[in-house]
**Student:** 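To start, I am sharing the structure in question, which I have written as structure tokens.
So you know, we letter chains A, B, ... as the sequences are listed, proteins then strands, and number each from 1.
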Amino acid sequence: MSDMNLSKLSPFRVDADELIEKFGLKEDDFEKANETEKESMVEMHKSVSFWADAWRRFRANTVSMVALGVFILTLIFAFIGPMIVPYTYSDQFRNAQKLGPMEYSEDEQAILNVAGLCDAFYATSLNPGSLTALSKGDYYFTYKGTTYAFNLEHAMEKKVILLNVEGYDDAVIVVKESDIEEDGTFEEYEVLETTSEASEGATEIELKTSIFPHVFGTDSQGRDIMVRTMFGARVSIIIGIVAALIVLVIGSIYGSISGFAGGKVDFVMMRIVELIYSIPEILIVLLLQVVLKDPLQAWFDSSKSSFAQAMSDLGTGIVSIFITFALLYWVTMARIVRGQVLQLKKQEYVTAATALGASSSRIIRKHLLPNCVGQLVITTCLQIPSAIFTESFLSFLGMGVSAPMASLGSLCSDALETISLYPYRLVFPAVVLSIIVLSLNLVGDGLRDALDPRLKK
Amino acid sequence: MLWYIIKRIGASIVTLFLILGITFFLMNMVPGSPFLTEKSTPEQIALANAKYGLDKPLLVQFKNYVVNYLQGDLGVSLKMQEGTPVKDILFGQGKFQLSIKLGLISLLVAVIIGIPLGCIAAYNRGKWLDGFLRVMTTVGVAIPTFVLATLLLALFAVKLQWLPTLSGSLTSPKEYIMPIISLSFYYMCYIAKLTRTSMLDAINQDYIRTARAKGVTTRTLIIKHALRNSLIPVITYLGPVIAGIITGSFVIESTFSIPGLGKYFVQSVLSRDYTVIMATTFVLSSLVIIMNLFVDIAYKIVDPRITLSSQED
């Protein structure tokens with residue numbers, strides 16, 4: 001209809017009134033839309049952000065969700081576990097060497113028998129370090145604001161000190177181990193004297209509040225294997241994440257510059273990448289471990305900066321692993337980022353940004369890298385298990401972390417010496433290591449499907 | 001094609017030279033000397049340095065290494081077995097042959113079992129066999145070589161006593177079983193995964209549909225039509241596999257006490273025996289680089305679509 005009407009209008013002389021009449025327009029058709037009208041124009045569903053959309057896809061992937069759950073459990077095991085267990089990775093317990101999983105040493109068993117009756121105790125054999133090494137003075141401890149002292153004689157007799165035992169009026173009493181009956185009751189006890197301050201040369205001892213089972217047993221030096229596994233997992237995970245971040249930073253900067261610059265710069269930069277790529281990196285990694293040890297140690301000793309201090313806490317082995325990753329392992333990331341940038345830099349918005357006078361570094365930072373974020377996240381996530389692999393491999397060969405610090409690799413390597421007698425010592429760290437790597441691999445696969453659906457296999 | 005090969009060989013030589021350079025200067029960055037012991041006096045060290053040419057400028061030393069290697073002379077050991085030619089340490093008593101044999105068998109096992117496993121999984125897509133293989137390969141690529149090696153050792157040698165514990169010389173075929181399984185399992189799983197993925201890609205192609213419409217049986221379809229095209233990613237992966245198997249051999253050889261090359265490399269690094277480090281690096285990296293060269297050329301032959309000049313993506 002309107003077409004027919006339109007054809008009757010003169011193409012040279014258009015009269016507004018005529019148009020309005022022909023199309024049957026009303027006066028208020030040219031008024032601004034009010035709020036309710038505006039609302040009806042808005043699309044029905046909310047716009048979904050990139051991350052929310054990816055998270056929705058990730059959640060739909062059962063395997064990846066389970067893997068993520070498992071990984072979170074290992075994080076809890078590695079980072080919260082050591083807070084719950086009252087031992088540390090370097091504590092050595094006398095008379096508690098070579099225990100099997102869930103076994104207690106004799107001293108621990110004696111205390112367990114009475115443990116239900118009291119809320120804190122001290123037992124000689126539980127004290128880390130050797131008591132016989134002390135020559136002079138008494139022992140003392142402070143309990144609820146009061147200092148209690150007892151002499152070496154008591155301690156050497158393998159006594160158990162019990163505090164606040166139900167049914168006994170005295171606040172702090174000491175009971176001989178031999179006086180404790182099977183059911184945990186006892187007749188004979190001695191009241192500990194209180195002092196205002198400890199005598200000179202007295203050694204302060206720590207009170208134990210509970211006996212925690214050695215779930216994974218103890219090693220030949222009386223160290224709790226579960227706590228060591230927790231610390232080892234923590235060290236391995238930290239190394240994996242930090243190494244992956246190093247790779248992310250170097251790889252994405254290098255790759256984006258190479259891809260964006262193109263031409264001769266790209267050619268030279270990619271030949272360098274190819275060269276590094278074809279170096280059998282493990283040969284260099286092993287060498288670096290040995291080479292970097294002394295210079296790093298010297299740096300730790302001389303430098304007083306907090307950065308050097310933090311690095312020295314990690315130890316030379318771990319720092320040289322980081323350096324290795326910074327030197328050799330970023331090439332895959334650089335290739336991937338370069339490929340993405342090559343595709344992206346032909347997009348109109350990059351041309352627009354260039355036309356508006358944005359500098360190259362701004363375009364890379366604000367336009368190109370944010371658009372590679374999916375690839376960056378996936379590659380970084382998959383880099384973590386590979387870093388953990390490398391670290392455990394080095395620690396297994398006796399490089400990497402140094403004792404008494406543990407990593408999963410060094411635990412496996414320690415266990416190898418006693419494998420014929422105590423195979424379980426190998427199984428625990430090995431299984432934890434495999435679970436971490438497996439769950440991260442599966443999470444990475446899930447991320448790939450969620451962030452980059454085009455790559456879905 | 002010839003031009004491509006020449007270019008690749010040129011690049012390989014540059015890489016090898018670079019590796020030697022990096023190794024040499026890294027080694028010399030370490031303070032101290034291989035002759036430094038508790039008893040040695042500065043004069044003795046200086047004497048020993050002079051004897052083995054360590055007092056010369058670094059660049060001259062490096063030039064000597066390169067020239068000697070080109071003439072096939074690997075030098076003499078400075079520390080581990082002082083005065084013994086490195087050639088005897090590395091190649092004597094069949095050490096090199098042992099490592100090569102172990103590596104090649106593992107490579108073959110990984111390829112010969114991995115590819116059919118991938119085909120079987122793709123062929124039975126969605127069935128329980130596929131599910132089982134997927135779980136196996138996913139778990140397989142999450143277990144480090146040394147973990148698998150030590151677990152096998154604990155189970156079959158210590159607990160069940162089916163296989164001998166410490167191989168040492170690898171005389172009977174039984175002794176090869178555990179080292180080879182541990183070396184090849186990871187790569188076997190990875191290859192199976194790769195084959196399955198690329199096989200499934202290939203199956204959806206038009207030429208497969210055409211062949212199927214013409215009445216080709218599924219078995220022939222997979223073996224003759226799909227496999228050929230899905231082998232390309234597997235071949236690209238062989239380069240890393242070779243490097244990985246050599247790396248793995250460091251661990252495997254020390255776990256099973258096999259006197260191979262890998263074990264000597266680790267020992268020489270730990271004891272700072274410069275000449276042995278250089279020679280082992282030279283031998284191992286030449287091995288990796290030559291194998292990579294073959295892989296690249298094979299890759300070109302299998303897939304002529306790949307442009308001659310660039311090898312990247």
**Student:** Using non-hydrogen atoms and a 4.5 Å limit, figure out which bit of B/Y186 sits close to chain A: side chain, backbone, both or neither.
**Tutor:**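 Interface part for B/Y186: side chain.
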**Student:** Report which part of A/L442 has an atom under 4.5 Å of a heavy atom belonging to chain B: side chain, backbone, both, or neither.
**Tutor:**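 Contact with chain B: side chain only.
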**Student:** Please name the pair of heavy atoms, one in B/F146 and one in A/S392, separated by the smallest distance, quoted to 0.1 Å.
**Tutor:**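 Looks like CE2-OG, 3.5 Å.
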**Student:** Between B/V288 and chain A, with a heavy-atom cut-off of 4.5 Å, which part of the residue counts as in contact: side chain, backbone, both or neither?
**Tutor:**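 The side chain, not the backbone.
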**Student:** Considering only heavy atoms, which portion of A/L426 lies under 4.5 Å from any heavy atom of chain B: side chain, backbone, both, or neither?
**Tutor:** side chain
**Student:** Between B/P144, B/G248, B/G244, B/S285, which shows the greatest number of heavy-atom pairs under 4.5 Å with chain A?
**Tutor:** B/P144
**Student:** For chain A, which candidate among B/V139, B/I143, B/V14 shows the most heavy-atom pairs at distances under 4.5 Å?
**Tutor:**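 Maximum pair count with chain A is reached by B/I143.
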**Student:** Which answer fits B/L18, side chain, backbone, both or neither, if we ask what part of it has an atom under 4.5 Å from a heavy atom of chain A?
**Tutor:**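 Contact with chain A involves the side chain of B/L18 alone.
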**Student:** In Å, rounded to the nearest 0.5 Å, how long is the span from CG of A/N441 to OG1 of B/T138?
**Tutor:** 8.5 Å
**Student:** Hey, what do you get for OG (A/S434) to CG (B/L151), rounding to the nearest 0.5 Å?
**Tutor:**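 Atom-to-atom, A/S434:OG and B/L151:CG are 7.5 Å apart.
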**Student:** Which region of B/I22, side chain (C-beta onward) or backbone (N, CA, C, O), has a non-hydrogen atom less than 4.5 Å from a non-hydrogen atom of chain A, or is it both or neither?
**Tutor:**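 When you check distances to chain A, only side chain atoms of B/I22 fall under 4.5 Å.
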**Student:** Can you say whether B/I277 sits under 4.5 Å from chain A via the side chain, the backbone, both, or neither, judging by heavy atoms?
**Tutor:** side chain
**Student:** Please rank B/N292, B/L200, B/V141 by heavy-atom pairs under 4.5 Å with chain A and give me the top one.
**Tutor:**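 Among the listed options, the one with the most contacts to chain A is B/V141.
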**Student:** Can you find a pair of side-chain heavy atoms, one from B/T150 and one from A/C412, that are under 4.5 Å apart?
**Tutor:**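 Of all side-chain heavy-atom pairs linking A/C412 with B/T150, none is under 4.5 Å.
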**Student:** Are there more than 12 heavy atoms of other residues, nucleotides or ligands under 6.0 Å from atom CZ of A/F428?
**Tutor:**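 Yes - once you tally the heavy atoms of other residues, nucleotides and ligands closer than 6.0 Å, there are more than 12.
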**Student:** Could you tell me which non-hydrogen atom of B/V251 sits nearest to which non-hydrogen atom of A/F393, and how far apart they are?
**Tutor:**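 Of all heavy-atom pairs spanning B/V251 and A/F393, the closest is CG2-CE1, 3.0 Å.
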